[in-house]
Amino acid sequence: MMKKMSISTSKTSLVLFLCQIISALDVPLDLSQPPTITQQSPKDYIVDPRENIVIQCEAKGKPPPSFSWTRNGTHFDIDKDAQVTMKPNSGTLVINIMNGGKAEAYEGVYQCTARNERGAAISNNIVIRPSRSPLWTKEKLEPNHVREGDSLVLHCRPPVGLPPPIIFWMDNAFQRLPQSERVSQGLNGDLYFSNVQPEDTREDYICYARFNHTQTIQQKQPISVKVFSTKPVTERQPVLLTPTGSTSTKVELRGNVLLLECIAAGLPTPVIRWIKEGGELPANRTFFENFKKTLKIIDVSEADSGNYKCIARNALGSVHHVISVTVKAAPYWITAPRNLVLSPGEDGTLICRANGNPKPSISWLANGVPIAIAPEDPSRKVDGDTIIFSHVQERSSAVYQCNASNEYGYLLANAFVNVLAEPPRILTPANKLYQVIADSPALLDCAYFGSPKPEIEWFKGVKGSILRGNEYVFHDNGTLEIPVAQKNNAGTYTCVARNELGKIQNEVQLEIKDPTMIIKQPEYKVIQRYGQVSFECIIKHDSTLLPTVTWLKDNDELPDDERFLVGKDNLTIMNVTDKDDGTYTCIVNTTLDSVSASAVLTVVARPNPPFDLELTGQLERSIDLSWIPGDENNSPITSFVIEFEDALHEPGVWRYQTEVPGSQTTAQLKLSPYVNYSFRVIAVNRIGRSQPSEPSEQYLTKSASPDENPANVQGIGSEPDNLVITWEPLKGFQSNGPGLQYKVSWRQKDVDDEWTSVIVANVSKYIVSGTPTFVPYEVKVQALNDLGYAPEPSEVIGHSGEDLPMVAPGNVQVHVINSTLAKVHWDPVPLKSVRGHLQGYKIYYWKVQSLSRRSRRHIEKKILTFRGNKTFGMLPGLEPYSSYKLNVRVVNGKGEGPASPDKVFKTPEGVPSSPSFLKITNPTLDSLTLEWGSPTHPNGVLTSYTLKFQPINNTHELGPLVEIRIPANESSLILKNLNYSTRYKFYFNAQTSVGSGSQITEEAVTIMDEAGILRPAVGAGKGYSEILFATSPVMHTVRPTFYKVQPLYPRIRNVTTAAAETYANISWEYEGPDHANFYVEYGVAGSKEDWKKEIVNGSRSFFVLKGLTPGTAYKVRVGAEGLSGFRSSEDVFETGPAMASRQVDIATQGWFIGLMCAVALLILILLIVCFIRRNKGGKYPVKEKEDAHADPEIQPMKEDDGTFGEYSDAEDHKPLKKGSRTPSDRTVKKEDSDDSLVDYGEGVNGQFNEDGSFIGQYSGKKEKEPAEGNESSEAPSPVNAMNSFV
């Protein structure tokens, strides 16, 4: 539940408005004016006799007034009394009591007069009385001997004090005596007993009187009460102890509190009820106190007069008393006279109207003298409660007193008439700023004074027109009110005051602020104890106002507890406890407004345990249990769980008895004989279960014969020649008595045999031996104890033990349905031969061999079980084109019978599995090599392979599908005349005579001729490799027409790197829109430096990064311009270490000089041999290659695409001869060598060209594929120089 409240400004505005009206009547103190009493002591002034008496009288006027006093109607000459002084510039008297004076000497009626040249004002009659706290008169108190059940009144009779004392009753230990409907204190202080009980006997009933004025407590002597018992105690109908009789009267003054009392005696204790005859008790002002014995009505008025009846009632009757209430009234103002400020020649009136019961009389005084004997004033005329002034002159100034009095009191008011001639003046400060919340009233003050009274006009702005209309309210005190201020009302307002003597104006400023609002209010929360809860209070406010947020709990400050965390816009309570339950209020205050919102927090928990368990109505088989619920902890109790303990059989073990609804606090419980019961109750609510209650008293039931027999009786043999009879034994509380045993009986079914019985102890099993195999028996088990047998038990059918089946199933037939499924039939075995419960049949089957592969393998038998008396079963999951064997066996509870003779069957051919692999190698400009493995499961005789392929370009357009049939004995294929730099997708499967198997797919790309740069293989980021080549006579030429295929999403994938010392080749695969412009970003791995960016020329899918640092790890990624946030994943590569340090010193080594000499000699011999052969007209191997393949560096550009041709070595698999020239593309094929550069001590530190080709060559040695990389920036070593020699 949520409550929202807002502190309205309307009440504040009203108070301000009233204050302004009063202040507008004040004459500025710099102008002549008669005296005005500003402060005086109360009419009835009770003083402390131990302290100085201060009688206040303060007044203002111009000139400042002088003061005089009267005491008891005569002049009080303070100069003649040394104990009395008057404060300077004041009329306040100080009577010195603390230095020897006595307060009693100064009792009396005092009146103060303040006087100046324009008149005299007088104070009320101030009655001075010192407070009194007399001692109790000594009296001899006799003990009160009272019979039990009688009424009793202990009289207090306190001493008469001033003011009257407060009465209360206590004992010797200063503890208040407990009061109730039976025992209570009356308004007169007496202690009333409606009826006494033995526990009322005591000797320290003490009445105390506390005199607050003197802070003293007086004690009466202790009163003794002794109650004696008489049997039986006589009950009595009610009798009123106070008031006496049937009627009484009561007079109360208007505005006071009316207290009516009725206290009655009787047994049983009477109950009091109040009614008003002929009317209703006033709502909101009526209260009942002292256990409804006192009727209290606050702020009574004449309408509360009437007859009030109290009725005392008990079971024997009733009594009533009627109190006639009359409400009188001391005088009270209807219109009090107000000061008059008049200019010479003006008219005016003073009005003095009062009411009361009886009607008060009105009398006038002038300057403290009855007006009848006061000096005459021709401008003055008295007309009852009104004085009329006509054509006043300055001498008409005076102070008039109005006195309204009746027998219950008087009222005295001073009002002056001040005759002045003054031009207007504005009392409100100039340029005063008013700030108001939008949609609330705005009150702009223009406090003024002038005589005659000025006229007030308001203008908006400096040159605005006069304000008029319903939008504004103009008050008599000059205030301008805008009832509903809006933003457009902000600005400058001008107030103009004018009379016949002059004119004056003043400007004020008005600002309109946005209201403060709580836009997210706290909400009602239900939280479990020890949880955490948070209340939100999100506010919106004017930006120029500074709000403060305060949280309250139950309209009081938050507890000083660290569990309460106040945040900017929330309140969080940690580890909530029960005491945190309540209403939480968020109050937002600014200097102009205040808003608040509240929410209730309900803390819930598991209920407290029930208590006061009581057992009643004890019978042999039932008992009544009652309890008192514990606190439900703000979550209603839904049920009660009752548990019991059997201390005789299972001490300490509590078991479920029953459950009853949460509205129930009693339960009738069923009992078993021979159980020593204790009960406990658990309360359950939505939060959980309470702790168990304390156990009830124990109750032992009598013994009896058992009511029930064991459950779950079974007869099952464990051996072929026995019968095991089992049952669930009775629990202790089910035995119903001592000596629990069981009578076990059995006989063979369908045979005319007598029952065989045996009595066994409290066990759960009995074994009958020597029985035939698997024969049905009738079995029963009966409970008995020392008091007799349980009722006759029911019979169950059991069987003696089983033995293994004797016969195998016959006539086993196999029907092969398809290559993987067969159906098996068999004849059931005779039931007698089963020798037990038939559980089903098992088929054992195993694969003997595959008909397509003659190799034998380990035989793995499989088993399928078919439940029940079935005669067929399906064998799924067979392998095609295979030979199988199977047999069938019958199964009972003992095990399996003999197997049927093995049955042989064969499965037909099926479709093969997919080829075991498909590899695409040796990409060239126009060819690809395919290699594959035969299917792992041919499932028959392979007849052929089918290859389908089609081109795919970067925009995912598919070309036409080409299909090739390949003989079954082939394992590789070369496709030629393909497009260069084109991706192809391949689909490959195998066939048997049954059909085609599942296909395997792969993709591959022919290489491009781009300045000798080879695309690195997928996954080449960790090193350098070349694609393998193979030869094949198959050749296809494809010139496709493309079809558009929409890609799923643009992506850059398979970013690969090939790094050397100072440069790296970056390549990638792109799928997405056409004509993408790529860029490469790179940086040092692990560095926080910004990425460096390189733009790729055109839409190529490779790039060479130059100027890298040797031996450094780099990170790289590829992106596409125009696709926001579209980048590849990052790849990391490392450049090779610098060779400079190894290359500097090697030339100075002796072994190296010798090696170079040997190499030079060898080259010289080769040149001589070549020269001789050339002269003979022969060709050497290098010349043959040059003749067969022109150097691509000097080949012309292709006409169709403008790219360079590329050297191909696809048809030459011979290793390079010692001393022969390397191919012109400076690459060595993998087929030429399986050796590694590392094997020769160089690792990755060989030299590379920028296109990634290796330029180092070891003459006379085979070499593994080279790694690609940039050309070294260092000077070439002698080794490299020799290796690059042609």
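For Glu289, the side chain to side chain contact (heavy atoms under 4.5 Å, CB included) criterion is met by Thr294, Lys296, not counting sequence neighbours. Taking Glu457 as the reference, Arg498 meet the side chain to side chain donor-acceptor pair (under 3.5 Å) condition, with sequence neighbours excluded. Take Asp580 and apply the side chain to side chain donor-acceptor pair (under 3.5 Å) test, not counting sequence neighbours, and it matches Arg563, Thr577. When the ring pair (Phe, Tyr, Trp, His ring centres under 6.0 Å) test is applied to Tyr308, no partner is found at least two apart in sequence or on another chain. In this view, Thr590 and Asp593 satisfy the side chain to side chain donor-acceptor pair (under 3.5 Å) rule, not counting sequence neighbours. Contacts of Tyr45 classified as side chain to side chain donor-acceptor pair (under 3.5 Å), with partners at least two apart in sequence or in another chain: none. Legend: residues meeting side chain to side chain contact (heavy atoms under 4.5 Å, CB included) with Asn685, ordered by chain and number and at least two apart, are Pro607, Ser635, Ile687. For Glu511, the side chain to side chain contact (heavy atoms under 4.5 Å, CB included) partners are Leu433, Gln435, Lys513, not counting sequence neighbours. Listed by chain and number, the residues in a ring pair (Phe, Tyr, Trp, His ring centres under 6.0 Å) with Phe535 are Tyr584 (sequence neighbours excluded).
Using a 4.5 Å heavy-atom threshold, the side chains of Tyr493 and Leu467 count as touching. Leu545 is listed as a side-chain neighbour of Leu592, based on a closest heavy-atom distance under 4.5 Å. Residues Arg118 and Glu394 form a side-chain contact, since some pair of their non-hydrogen atoms from C-beta on lies under 4.5 Å apart. By the 4.5 Å heavy-atom criterion applied to side chains, Phe416 and Val27 are counted as neighbours. You'll find the side chain of Ile538 stays beyond 4.5 Å of the side chain of Ile518, heavy atoms only.
Judged purely by distance below 3.5 Å, without hydrogens or angles, the side chains of Arg353 and Thr335 never pair a donor atom with an acceptor atom. Side-chain N/O atoms of Ser396 and Ser379 include a donor and acceptor closer than 3.5 Å. Side-chain contact annotation: Gln39 with Gln56, donor-acceptor N/O pair under 3.5 Å present. Between the side chains of Gln33 and Asn418, no donor-acceptor pair of N or O atoms lies under 3.5 Å.
Expressed to the nearest 0.5 Å, how far OG of Ser123 lies from CD of Gln40 amounts to 5.0 Å. Annotation: the span from Asp514 atom CG to Ile437 atom CD1 amounts to 8.0 Å, rounded to 0.5 Å. To the nearest 0.5 Å, the span separating NZ on Lys62 from OG1 on Thr36 amounts to 14.5 Å. One distance of note links CG of Leu365 with CG of Leu412; it measures 7.5 Å at 0.5 Å rounding.
Within the 6.0 Å centre-distance limit, the rings of Phe389 and Tyr400 are counted as a close aromatic pair.
Counting only residues at least two apart or on different chains, the disulfide bond (SG atoms under 2.5 Å apart) pairs with a member in residues 477-537 are Cys446-Cys495, Cys537-Cys586. Each salt bridge (charged side-chain N to carboxylate O under 4.0 Å, His left out) pair with one or both residues in residues 431-441, not counting sequence neighbours, would appear here, but there are none. Evaluation of the disulfide bond (SG atoms under 2.5 Å apart) test over residues 329-361, restricted to residues two or more places apart or in two chains, returns Cys352-Cys402.
Closest approach of Ala121 to Pro35, counting heavy atoms only: CB-O, 3.8 Å. For Gln509 against Asn431, the heavy-atom pair with the smallest separation is NE2-OD1, 3.9 Å.
For Arg425 and Tyr448, the positive end is not near the middle of the six-membered ring at less than 6.0 Å and at most 45° from its axis.
Results of the side-chain contact (heavy atoms from CB on, under 4.5 Å) test with Trp458 over Leu444, Thr494, Thr479 single out Leu444 as the only residue that passes.
Counting heavy atoms of neighbouring residues, nucleotides and ligands inside a 6.0 Å radius, atom NZ of Lys540 does not exceed 12 of them. The number of heavy-atom neighbours closer than 6.0 Å to CG of Asn284, taken from other residues, nucleotides and ligands shown, is 12 or below.
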